[in-house]
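Below is one structure, written out as structure tokens; the observations come after it.
Position 1 is the first residue of the sequence; numbering continues from there.
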Amino acid sequence: MLIIVGSRRDGNTLKLAKMVQTELEKDRITSDIIVPGNQKIHICTGCMDCDKNGVCDFTDDMKSNIEKINKENILLFITPTRWNLLSGDIKIFMDRLNPLYSTNGLKGKKMIAVSVGAKTKDVYSTEASTFSLRNFAEAAAMDCVLSKDFNDCLGANDILLKDAEVEDFIKDVKRIAQEN
């Protein structure tokens with residue numbers, strides 16, 4: 001499983017990713033965490049060369065990210081909610097997956113879509129960012145097998161206060177990993 005984390009901070013999204021990874025390891029399920037914001041990733045210019053040959057013209061960390069994605073069947077995207085939307089780092093990452101999109105390289109892969117919001121659901125919704133992740137999966141012919149919103153995570157450690165919710169989520173992730 002590949003876990004893509006949309007925040008550079010050592011906050012809720014990265015902590016959640018590490019908790020998932022730790023629990024997966026207990027069942028000998030391997031996973032890798034990518035934090036695009038800590039990598040050298042150029043912004044897509046929309047040149048569309050990848051539509052012709054399935055390869056991006058840029059030489060950066062997306063080359064190894066795409067290699068990792070090609071080897072995995074399950075992609076877990078965890079994004080903080082910013083202005084009710086995805087983080088910029090996740091959006092840039094998704095844009096740079098166009099070489100896979102244009103060659104159907106994402107088709108049939110499983111996606112787990114997670115958004116972490118600072119406010120209560122009724123104030124600022126995580127639903128819009130999760131909706132964007134699910135739309136990305138649909139456009140890329142991926143199967144979004146699970147989506148989850150975590151709200152009220154303003155402090156950098158608030159995800160740690162959601163024991164039961166996180167535990168249930170991790171059980172679902174493990175089940176999906178074991179089925180695939």
Side-chain angles (χ1 to χ4, degrees), residues 1-7 13-14 16-21 23-24 27 29-37 39 41-44 46 48-56 58 60-82 84-117 125-150 166 168-180:
M1 179 180 303
L2 190 59
I3 305 170
I4 301 106
V5 179
S7 178
T13 54
L14 186 57
L16 180 59
K18 288 178 179 178
M19 286 189 282
V20 168
Q21 187 175 50
E23 290 302 314
L24 290 174
D27 288 350
I29 300 169
T30 59
S31 63
D32 191 13
I33 295 175
I34 293 175
V35 181
Q39 296 181 324
I41 299 176
H42 297 289
I43 294 173
C44 178
M48 308 307 276
D49 285 351
C50 60
D51 278 357
K52 299 172 194 162
N53 60 18
V55 177
C56 183
F58 288 123
D60 59 14
D61 290 329
M62 281 307 292
K63 181 178 180 182
S64 66
N65 291 337
I66 287 173
E67 289 171 1
K68 290 176 183 179
I69 288 170
N70 281 330
K71 294 177 184 174
E72 294 295 339
N73 189 41
I74 304 170
L75 307 178
L76 168 54
F77 282 80
I78 307 175
T79 183
T81 301
R82 307 262 166 79
N84 298 344
L85 301 170
L86 303 167
S87 73
D89 291 338
I90 284 285
K91 177 63 169 92
I92 289 168
F93 184 87
M94 288 167 35
D95 285 346
R96 290 293 308 283
L97 292 178
N98 198 62
L100 291 176
Y101 169 78
S102 64
T103 60
N104 290 317
L106 295 169
K107 185 176 183 177
K109 291 191 181 291
K110 310 288 188 240
M111 177 198 267
I112 299 170
V114 180
S115 294
V116 180
S125 175
T126 50
E127 292 173 353
S129 58
T130 309
F131 182 75
S132 292
L133 289 171
R134 289 193 314 266
N135 280 344
F136 169 77
E138 182 180 337
M142 297 172 69
D143 184 15
C144 187
V145 294
L146 177 64
S147 64
K148 175 68 177 156
D149 297 333
F150 290 94
V166 169
D168 288 345
F169 170 70
I170 291 173
K171 283 180 187 176
D172 288 340
V173 171
K174 280 184 168 185
R175 177 185 47 77
I176 291 164
Q178 290 165 342
E179 290 173 356
N180 291 283

*Between I33 and Q21, what is the shortest heavy-atom contact and its length?*
CD1-OE1, 3.4 Å

Which atom pairs, donor and acceptor, lie under 3.5 Å between side-chain atoms of residues 105-116 and protein residues at least two apart or in another chain?
residue: K109; atom: NZ; partner: I69; partner atom: O; Å: 2.9
residue: K109; atom: NZ; partner: E72; partner atom: O; Å: 2.4
residue: S115; atom: OG; partner: S129; partner atom: OG; Å: 2.5
residue: S115; atom: OG; partner: T130; partner atom: N; Å: 3.1
residue: S115; atom: OG; partner: T130; partner atom: OG1; Å: 2.8

Side chains of [X] and [Y]: closer than 4.5 Å at any heavy-atom pair?
X: S7; Y: L14; answer: no
X: F93; Y: M62; answer: yes
X: C56; Y: P99; answer: yes
X: K171; Y: E23; answer: no
X: V173; Y: I74; answer: no

Exceeds 12 heavy-atom contacts within 6.0 angstrom, atom [atom1] of [X]:
X: K68; atom1: NZ; result: yes
X: F169; atom1: CZ; result: yes
X: F131; atom1: CZ; result: no

Let me confirm one number: the [atom1]-[atom2] distance from [X] to [Y], rounded to the nearest 0.5 Å.
X: I92; Y: C44; atom1: CD1; atom2: SG; result: 10.0 Å
X: L2; Y: N73; atom1: CG; atom2: CG; result: 11.5 Å
X: D61; Y: I34; atom1: CG; atom2: CD1; result: 9.5 Å
X: T13; Y: I90; atom1: OG1; atom2: CD1; result: 8.5 Å
X: L76; Y: I176; atom1: CG; atom2: CD1; result: 9.0 Å
X: I66; Y: T103; atom1: CD1; atom2: OG1; result: 8.5 Å

Output a table of donor-acceptor pairs, distance under 3.5 Å, between side-chain atoms of residues 132-148 and any protein atom two or more places apart or on a different chain; print 'none' if there are none.
residue: S132; atom: OG; partner: A128; partner atom: O; Å: 3.2
residue: K148; atom: NZ; partner: E165; partner atom: OE2; Å: 2.9

*Show your reasoning for whether side chain to side chain contact (heavy atoms under 4.5 Å, CB included) applies to N65 and Q39.*
CA-CA 10 Å; N65 291 337; Q39 296 181 324; 2.7 Å; yes

_Do the side chains of R175 and E179 get close enough for a salt bridge, i.e. N-O under 4.0 angstrom?_
yes

*Assess whether side chain to side chain contact (heavy atoms under 4.5 Å, CB included) is satisfied between L85 and K91, documenting all intermediate values.*
CA-CA 10 Å; L85 301 170; K91 177 63 169 92; over 6 Å; no

Do side-chain atoms of [X] reach the backbone of [Y] as a donor and acceptor pair under 3.5 angstrom?
X: S102; Y: C50; result: yes
X: T79; Y: S87; result: yes
X: N53; Y: V55; result: yes

_Full working for side chain to side chain contact (heavy atoms under 4.5 Å, CB included) between N98 and D51_ = CA-CA 8 Å; N98 198 62; D51 278 357; 2.9 Å; yes

